[in-house]
Amino acid sequence: MIENGFNRRDFLKVLGWGGAVVALSGCGNTSVQDGAEIVTSYVEPPEYALPGIGVYFNSTCAQCDAGCSITGRVREGRVLKLEGNASSAINRGKLCGLGQAGVQAHYNPDRVREPLLRNGDKGEAITWDKALGLINEKLNGVKGDEIAFLTGAVSGHVKVLLKNYLEALGSKNHYAYDAVAPSVVRAANKKAYGVEMPRLRLDKAQVVVSFGADFLGAWVSPVHFSQEYAQFRKGSDGARGVLVQIESKMTLTGANADRWIAIRPGTEGILALGVINALDAAGLSLPADVAAVSKAYNAERVSKDTGVSAEQISKLATLLKARTPSLVIAGGAAEGYKHGSQNAAAIALLNRVLGNIGKTIEAPANVPFPQVAVTTGNRSSVQALNDSMANGKLKVLFSYGVNPVFTAPAALKFQDNLKKVSFKVVFANYLDETALAADLVLPLDSALEDWGTAVPEYLVEAAQLNIQQPLMEKLHAGTRGTGDILLALLKQRRANEYKDYEDFYSYLRSAVVKNKSALGGAGADDDTFWGETLSEGLVKLPASNGALSAKSSAAGLVLPAPAEEDSAYPLHLIPAVTANLRDGRHANQPWLQESPDPLTTIVWDSWVELHPKTAAKLGIVEGDIVEVTSRSGSVKAQAYLFPGIHPDAVSIPLGNGHTALGRWAKGVGINAFSLLDQVVDKDTGELALNETRVKIGKTGKRVMIVKDEGAAGGSQAGKKIAVSASTDEVELSGEV
Amino acid sequence: MHRFLCLSILLVGLFANTGSHATEVPPSISTADDLGPKVEQPIEFPHDRHAGPRNPADAADPSVPAKGGMEINCMYCHTGARRSAVAAIPPLQKCVGCHQTINSVRETPRIQKLFEYWDAKKPVPWKKVHDLPDFVRFNHERHIQRFVFAQNKPVQEACGYCHGDVKTMTVARRQKSLSMGWCVSCHEKDHPVDVAATKTTHGPNDCWQCHK
Amino acid sequence: MEKDISESIAWAKINGDVLKSLEAPRKLYWVILVAALTLFGVGLGCEVYQYQIGMGVANLNNPHVWGLYIATFIFWIGMSHSGTLLSAILHLMHADWRKPIYRFAEAMTTFSLMTAGLFVMVHLGRLWQFYYSVPYPNERGLWPNFQSPLLWDAMAIFTYLSSSVIFLFIGMIPDLAICRDHLHEGWRKKLYTILSLGWEGTDRQWRNFRVTYLTVACFLIPLAVSVHSIVASDFAMSQQPGWHVTSFPPYFVAGALYSGCAAIITLFIILRYVFRFEEYMTLPILKKVARLTFAISMVWTYLNAIEFAAVWYSHDQAAKDVLLQKAMGPYAPFWWMMIFCGSVVPLMLAVKRFQTNIPVLFAVSLLLNLGMWLERWMIVAPTFSHGYYPWTWDGFQWPSWVQWGMVFGSFGWFTLLFMLFCKIFPSVSMYEVKEMVYHRSLASKKNELAEKGAH
Amino acid sequence: MSQQHILALFNNFENAEAAIYELRAADIKGFNFDDLTLKSPIEHHEVEDLLGKRSANVQWFTLGGALLGGLLGFFLISGAQANFFAQMKGGKPIVPFPPNFVLTYEMFILGGVFISVLGFLVCAGLPAKRSPLYSAKVSEDQIGILIKADASAMAKIKKVFTDHEALEIQEEAGK
Amino acid sequence: MSVTNLLENWSQFRHGHPVDDKPHEEYKWAMAIDLDACTGCNACSVACYAENNIPVVGKEKFNAGQQMHWMRIERYWPEDGREFADQGAQFLPMMCQQCEAAPCETVCPAGATNHTADGVNSQIYNRCVGSRYCSANCPFKVRYFNWYDYPSTDNVWPAEMTQQLNPDVSVRSKGVMEKCTFCVQRMTAAKNTARNEGRLVRDGEVQTACQQACPTNAISFGNLVDPESKVAKQWAHQQVELSKEVQAKDAQEGGTDLRGYRIMEELRLYPSVMYLERVRESAI
């Protein structure tokens, strides 16, 4: 009889359908051919699979931690394109370029295909059995606190397994590392609002003042914020929202602001207090504790400290007073200093003063299952890990989803300390810098082949459990899912507990189905519920919104005076997090490399952004190869003159400068992490990303910068191409 | 002078002819005999046995198999034809679905081969017989919807416009040229929009309909 | 004034002298031939490379989609107007001093058209599909786009080339008969026998010959004008700034005649030396050509000025920008060089002393050719680099060695064809030189008689 | 009576001219003046007066060819534009006049030139076989007169030639 | 006979576009891009790469100006001589404007680029001979030429990557011109479904890849003939008309409160893409 066995992966089988597959160079052959191509048909087809017709599967984007839901277009068993899943409140059917490049992470020719064991300088391919056995062997006799697991932000059932595994090993050393996370802001938010990441209602705000939060580009949940931004701009009945961005280096969000204010690096908090002072002057009544702090920040002083004109400050205060509700956001640029926590606290005060808390700053949804909620990454964890490695306390280190050898600041000497760990296991998609330093590399399934769940940190409306499911058959037989590996490792320790689960899929299915009543599937048949969950791609968790505690207090808020001139290293380095490359893990996806940086339009390289004034002073012109030297290191890169940066600052984008990772990443650009000094935020101990001072010297070489922008350099040459109007020239109400 | 006149008349004729005929489109392409090359298939699938007429006596054509065909509708196996751009080769499951119950031919070499593939769960590597260049977008669904469903043409006739008389073949062979001019020669003609209609339209003449 | 040609040359000597050019040129001939062959080889190699790898190796890009190929194409088309000028226009005007030199000018026409045609091919991204743009009844039922100026171009060039070849051939029939009658046995004799079509110089043949030659000449003049104005239409019919100019057609035609004349001077001097044609290609004739060139250079200068002025006083800001960019942008050195070569250098020709000074004329003619080539480049490139859309503006796009290789290769190809032609076919029209000598001696006899009568 | 050919070569055109005048005037029996062919290395306009009106019809070919070429061009192009794949381009009509006129013009010239040349070949009787008597001298510097006449007239004709200092006289062997 | 055909349908063959007396019949695809919503994030551009099999050329060829992005995001700076770009940048997504009177169409010698009945400028790759005249004549320079044989170029599509290619779109070989098609493969699929159901394509049923990706919904796309479609409403509200070359916004001195315009209308190309001006707050 025909088998009715339900093995989902069979359906995902790649189908060789001659005519439907694109033969390369399709335009060459003009004649009809007979018998040249082979048609492979299904052995057993699923009901819905018809050659020539696209099928859509829902899953979750793994390119960043925002947790957008995706829909993969699958034809003949191949995933062709990722689109947004409309049923997710986070991205509502939209997807950014980074997310769409997920297919390139999946089809990437540089993926690791089998477990590799270090043999001298080379990796030797071994079997999974051997690899897992080796781990078991190496762990024998090692004490729990000599073992550490380094991950990025982690959530869902992989997190559960991870936690259980560490528990089984008797280790408490889980380090969640994220090189560019807004960890100081989280801590400040926790203080000010009682939650790490409140829900920011851009759509409700009339004015948004962002202190360096690049929420349209790379901050927290850009796709979601972009959608809210669109609503905010449209406003209701033509009351268009106003965006003011205050930062030292223009981000994508800054480029879209109605007013972009260049501020002396590190003085964001001072300006926030200055605005409060101006609001006071404009007649807004302030709480006593706030007034006590802000009264010292009169316009004159603030203007002198921040470089923002008094007129600008008063205009901003007037605007904030006139249009409510407003929303003030503290972002990456404000938090990246020694006094980052204070900056963020001062900025949070603005929200309190303006009465935004509860209006545009809402409590996020609670995740009813804390064991799957996200463990966010931060930078202090890698410092802690580094310390324990340096002390020689660690024997075995697992690393998954992060690349600290590339992203840790040079001053940590992470790579050297890593050598002190006797056995390093890296779960890897690519042979990145960290994988190359490993003793054992475990090749992972791509995000489009793997099972999993995820709970995003930034939640909208309700909490949701995102389902990650394979969109197609595995490309390489030798890779395994993260969950599968963890499960196999757990079975080594707690065989009994996990013996019922053949693989991670069965574990996941039973874990979700077991809780179906709590997940809104009460009364449904297991298979139906599971099938619906998979087809939806996410489960909405029962809502229970927490409350905000507006306990931000101005007491104890001390902002240091602007940093002294440093004659040896006169410039502030602002490492820029770009929407495409983030911390560099996606550098081997060619669409992202070739997609021009929105602001400079540079492709396939790193660059040093300089204000034309600074450049003139140093005698630098565009394309000069300059040497940027900090106390911790130096790099050489092309200079780009940029009107969106404070003259005291230089900026280098992060993400490029890989020495490994793959054919499209290796040797492209320079690594700005290697310049960073080890300076931390006083309150949180987080690395202060913007606190590095540098000096710039010419090398005498010059190159043509490879960029999309032509010789006109972003000028419209008097033509009406991209037209701007001011709000009093247009009538927006009634627009479709 | 006589020579001159003759020549002039000849020339006028030549030019008039060229002028009016040159823009006339395509030279007719012979159809029935225009057989494509024979394609070696992993299994010599007998289309005549499956799709041919049931009673051999009904068919004047001696090529009809002695045992008679089974008159299986083309779209029983090529299920994609009415729903998708590609007609699709039936999955192995479909072959086996019937043949598992047909014991009379179970031991013939072809069926044995079929079951070898089935047991190995391997797809049969069929060779494409009607292979258009990759820049051509041919949509089976559109043509079947138009001719079979809207115009009520018999399925074998409608399929036969392009695939020839498949029911008389064992291993399918290409009968029509499938060249652009051949496609155009049909698209140029006016076809009734449905079985009852007097309204006619010709096929689309927009390049993008067929080229991608 | 010196005579254009000595009236006392015996007809038999004319035959002898010209036929000698088919047998024993100076050594320089072989040097030129080998050099041409080498250059052509280089060009061919570049084309093969480009064909294999793709047009990208030419360092073309968006927006610089055309580069030197089209510029050089126009140059060669322009060059082709020399033959028509000398043989058709001057023929109609009964300027009989053209007779010793029109044959090689016509050959220039033919060969430069063949060279120009190559550039159309070389510049195609899919050379192997060129037949898609040729109108012929085909199985697909498709026709090329007759609205495209490129198609007009193709049509015009085809007409011009075939007409020129016919014109050259028809005019050569009596000479071919001479060759047939006076050359040793061999393949060439067979060739001449076939090509001369059995010409015997009968009255009937001459009568029809004259009518036909005149008719074709009449057709060639409007044809030549249409060819280069259609080439101008490639640009003028587009709407790019700097191209969309009404004065382009006459400007192109003037430029064509100009570069044609300049090239005639160059080749005149070379042929005169290489084939020992001093008695036929005389200095007085050269002087006339030089003066003609000077006149046309002034026409060209005028049209250039008109074009700039028209742009300057128009409301088309984009066109003005392109003009400014030409004069001040990255292309400025080439643009000013063009002005210098095209408008200043020819002033030398106004000096009587230089009109017969062969080294000076040779140098001047080379500079004029360079100027005219630059002119074409300066039409093509600056508009691409500074079109309507500022985002795609780019500075200077230096053509890669592949482009240069093919440009030089084209000179090799032309010279190769031309030199082979001169070696195989009589490059001085024997029968017409005889006519010239005959008519001039008749006239001088008449003059003598008249003078005697007057005494 | 049997026809024979005779060819005389002259050093210069004056002699040949005089010979022809005499032949014309002599009215020799068995010799039709239209059977006289003058061969010369260059074209002599004077022969018109000499030989009387002999027709040249090339211009008719030219006219016909040009008209046919033009018509063919216009209809070919318009017909092609209006074929099954009629596609609008650039907002212009499918059959736009200006470009079609340009091409019609080119075809007009092409037709004119080609057919003229054809006409030339037809009218001049080319390609032709060599005439029975031919001397390579004609293509060098001598003028030839070829006459086809009755054998009976030969003597008289010959006499005329020798009277006018013919350099050489060739006769076809009698049949 | 074609001459009879020519004479019989003479008036039809003599019609130009765009004209009011012969409007589009069923479909006229058009777009509206709100520059105030566009943040310049490049999601549309990447979506276009994914949907349309666009090769990634690499640094060297990008430097040579041989990039292939059908949709490019342009970034302009205000030119008022300020020290900082304190009104931000101005982003403009630029792709083929699908002009009604497209200058590229008339000049193609092979007739490889035509105007479809749906009002889109088609590009037939396999008919293209590569004369590049269309690109030379395009004022927007949005046509991209295959300077190399990208499918066989190193690291453009290694074997694994070829599996991502969209089978509905040809992979272009060297020597072919290409450009934005308004995702014709999606339009064709939607029209196919609609015809099966005996109706016209509904608004929103067909999305272009860029529109689908755009996080701020800055791009809308649809059928201008259908007055109920979003894009038709937007055009109508902005009083932008397909066959006019001066729109309401620019028709009067000082302009109106509208913000719909098309780029370089003075060239009379009648583009199918309407842009809505970016807006900047005057109070700050």
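Quick note: numbers below take in every heavy atom, side chains included, and nothing from hydrogens, waters or symmetry partners. Note that this is a predicted model, so its numbers are computed, not measured. Order of the sequence lines fixes the chain letters, A, B, ..., with proteins taken first and strands second; residue numbering starts at 1 for each chain.
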Q: Given a strict heavy-atom distance threshold of 4.5 Å, which part of Lys613(A) is in contact with chain E: side chain, backbone, both, or neither?
A: side chain
Q: May I ask you to say whether Glu247(A) pairs ionically with Lys249(A), meaning some side-chain N is under 4.0 Å from a carboxylate O?
A: no
Q: Check whether Pro93(E) gets within reach of chain A through its side chain, its backbone, both or neither, counting any heavy atom under 4.5 Å.
A: neither
Q: Given the options Arg75(E), Arg82(E), Met94(E), Glu277(E), which has more heavy-atom pairs under 4.5 Å with chain A than any of the others?
A: Arg75(E)
Q: Below 4.5 Å from any heavy atom of chain E, which atoms of Val244(A) appear? Answer side chain, backbone, both or neither.
A: side chain
Q: Counting heavy-atom pairs under 4.5 Å with chain E, which one of Val603(A), Val723(A), Leu316(A) comes out on top?
A: Val723(A)
Q: Heavy-atom distances under 4.5 Å only: say whether Leu95(A) touches chain E with side chain, backbone, both or neither.
A: backbone
Q: Answer yes if the ring centres of His69(E) and Tyr144(E) are under 6.0 angstrom apart, and no otherwise.
A: yes
Q: Does anything in residues 51-63 of chain E form a salt bridge (Lys or Arg N to Asp or Glu O under 4.0 Å)? List the pairs, not counting sequence neighbours.
A: Asp605(A)-Lys59(E), Glu51(E)-Arg186(E)
Q: In terms of heavy-atom pairs under 4.5 Å with chain E, which of Gln593(A), His106(A), Gln716(A), Glu729(A) leads?
A: Gln716(A)
Q: If you measure only the distance, is there a donor-acceptor pair under 3.5 Å linking the side chains of Asn52(E) and Gln185(E)?
A: yes
Q: Any idea which heavy atoms bring Val79(A) and Gly72(A) closest together, and the distance?
A: CG2-CA, 4.4 Å
Q: Check Leu252(A) against Pro598(A) and note the closest heavy-atom contact, atom names and distance.
A: CD1-CB, 3.6 Å
Q: Select one option (side chain, backbone, both, neither) describing which atoms of Cys128(E) are under 4.5 Å from chain A's heavy atoms.
A: neither
Q: Could you check whether the rings of Tyr229(A) and Phe215(A) sit parallel, tilted or perpendicular, using 30° and 60° as the cut-offs?
A: tilted
Q: Kindly say whether Val169(E) contributes a backbone atom to a donor-acceptor pair with the side chain of Asn53(E) at under 3.5 angstrom?
A: yes
Q: Using heavy-atom distances under 4.5 Å, tell me whether Ala218(A) contacts chain E through its side chain, its backbone, both, or neither.
A: neither
Q: Looking at Ser45(E), Ala37(E), Gly58(E), Cys41(E), which makes the most heavy-atom pairs under 4.5 Å with chain A?
A: Gly58(E)
Q: Could you list the residues that satisfy salt bridge (Lys or Arg N to Asp or Glu O under 4.0 Å) with Asp34(E), not counting sequence neighbours?
A: Lys234(A), Arg259(E)
Q: For chain E, which candidate among Phe232(A), Trp591(A), Trp664(A), Phe225(A) shows the most heavy-atom pairs at distances under 4.5 Å?
A: Trp591(A)
Q: Please determine, among Pro596(A), Gly84(A), Gly217(A), Gly644(A), the option with the most heavy-atom pairs under 4.5 Å with chain E.
A: Pro596(A)
Q: What part of Arg262(E) is in contact with chain A, defined as an atom under 4.5 angstrom from a non-hydrogen atom: side chain, backbone, both or neither?
A: neither
Q: Using a cut-off of under 4.5 Å on heavy-atom pairs, state which of Asn217(E), Leu276(E), Val57(E) scores highest against chain A.
A: Val57(E)
Q: In terms of heavy-atom pairs under 4.5 Å, which option from Cys44(E), Ala64(E), Pro78(E), Ala89(E) contacts chain A the most?
A: Ala89(E)
Q: Using non-hydrogen atoms only, which part of Thr600(A) is less than 4.5 Å away from chain E: side chain, backbone, both, or neither?
A: backbone
Q: With chain E, which of Gly713(A), Cys96(A), Ser595(A) has the greatest number of heavy-atom pairs at distances under 4.5 Å?
A: Ser595(A)
Q: Side chain, backbone, both or neither: which part of Tyr275(E) has a heavy atom under 4.5 Å from chain A?
A: neither
Q: Is it true that Glu281(E) and Arg323(A) make a salt bridge, defined as a side-chain N closer than 4.0 Å to a carboxylate O?
A: yes
Q: Tell me, for Leu599(A) versus chain E, whether the close heavy atoms (under 4.5 Å) come from the side chain, the backbone, both or neither.
A: both
Q: For each of Gly40(E), Ala236(E), Ala213(E), tally heavy-atom pairs with chain A at distances under 4.5 Å, and name the one with the top tally.
A: Ala213(E)
Q: Could you look at Glu83(A) and say if it's the side chain, the backbone, both or neither that has a heavy atom under 4.5 Å from chain E?
A: side chain
Q: Report yes or no: does His646(A) contribute a side-chain atom to a donor-acceptor pair with the main-chain N or O of Ala262(A) at less than 3.5 Å?
A: no
Q: Can you see whether Asn42(E) engages Asn580(A) through a side-chain donor-acceptor pair at a distance of less than 3.5 angstrom?
A: no
Q: With a 4.5 Å cut-off on heavy-atom pairs, point out which of Ser220(E), Cys214(E), Ala283(E) contacts chain A the most.
A: Cys214(E)
Q: For the salt bridge (charged side-chain N to carboxylate O under 4.0 Å, His left out) test, which of Arg113(A), Arg78(A), Arg111(A) pairs with Glu160(E)?
A: Arg113(A)
Q: Check whether Gln87(E) gets within reach of chain A through its side chain, its backbone, both or neither, counting any heavy atom under 4.5 Å.
A: both
Q: Less than 4.0 angstrom from a charged side-chain N to a carboxylate O is my criterion; do Lys233(E) and Asp203(E) meet it?
A: no
Q: Heavy-atom pairs under 4.5 Å with chain E - which of Gly718(A), Ala101(A), Pro647(A) has more of them than the others?
A: Pro647(A)
Q: Sort Glu83(E) into side chain, backbone, both or neither according to what part of it lies under 4.5 angstrom from a heavy atom of chain A.
A: both
Q: What part of Val223(A) gets within 4.5 angstrom of chain E, counting heavy atoms only: side chain, backbone, both, or neither?
A: both
Q: If you measure from the Lys or Arg side-chain nitrogens to the Asp or Glu carboxylate oxygens, is any gap between Arg663(A) and Asp154(E) under 4.0 Å?
A: no
Q: Taking all heavy atoms of Ala248(E) and all of Gln239(E), pick out the closest pair and write down the distance.
A: CB-OE1, 3.4 Å
Q: Name the region of Ile284(E), side chain, backbone, both or neither, that has any atom closer than 4.5 Å to a heavy atom of chain A.
A: both
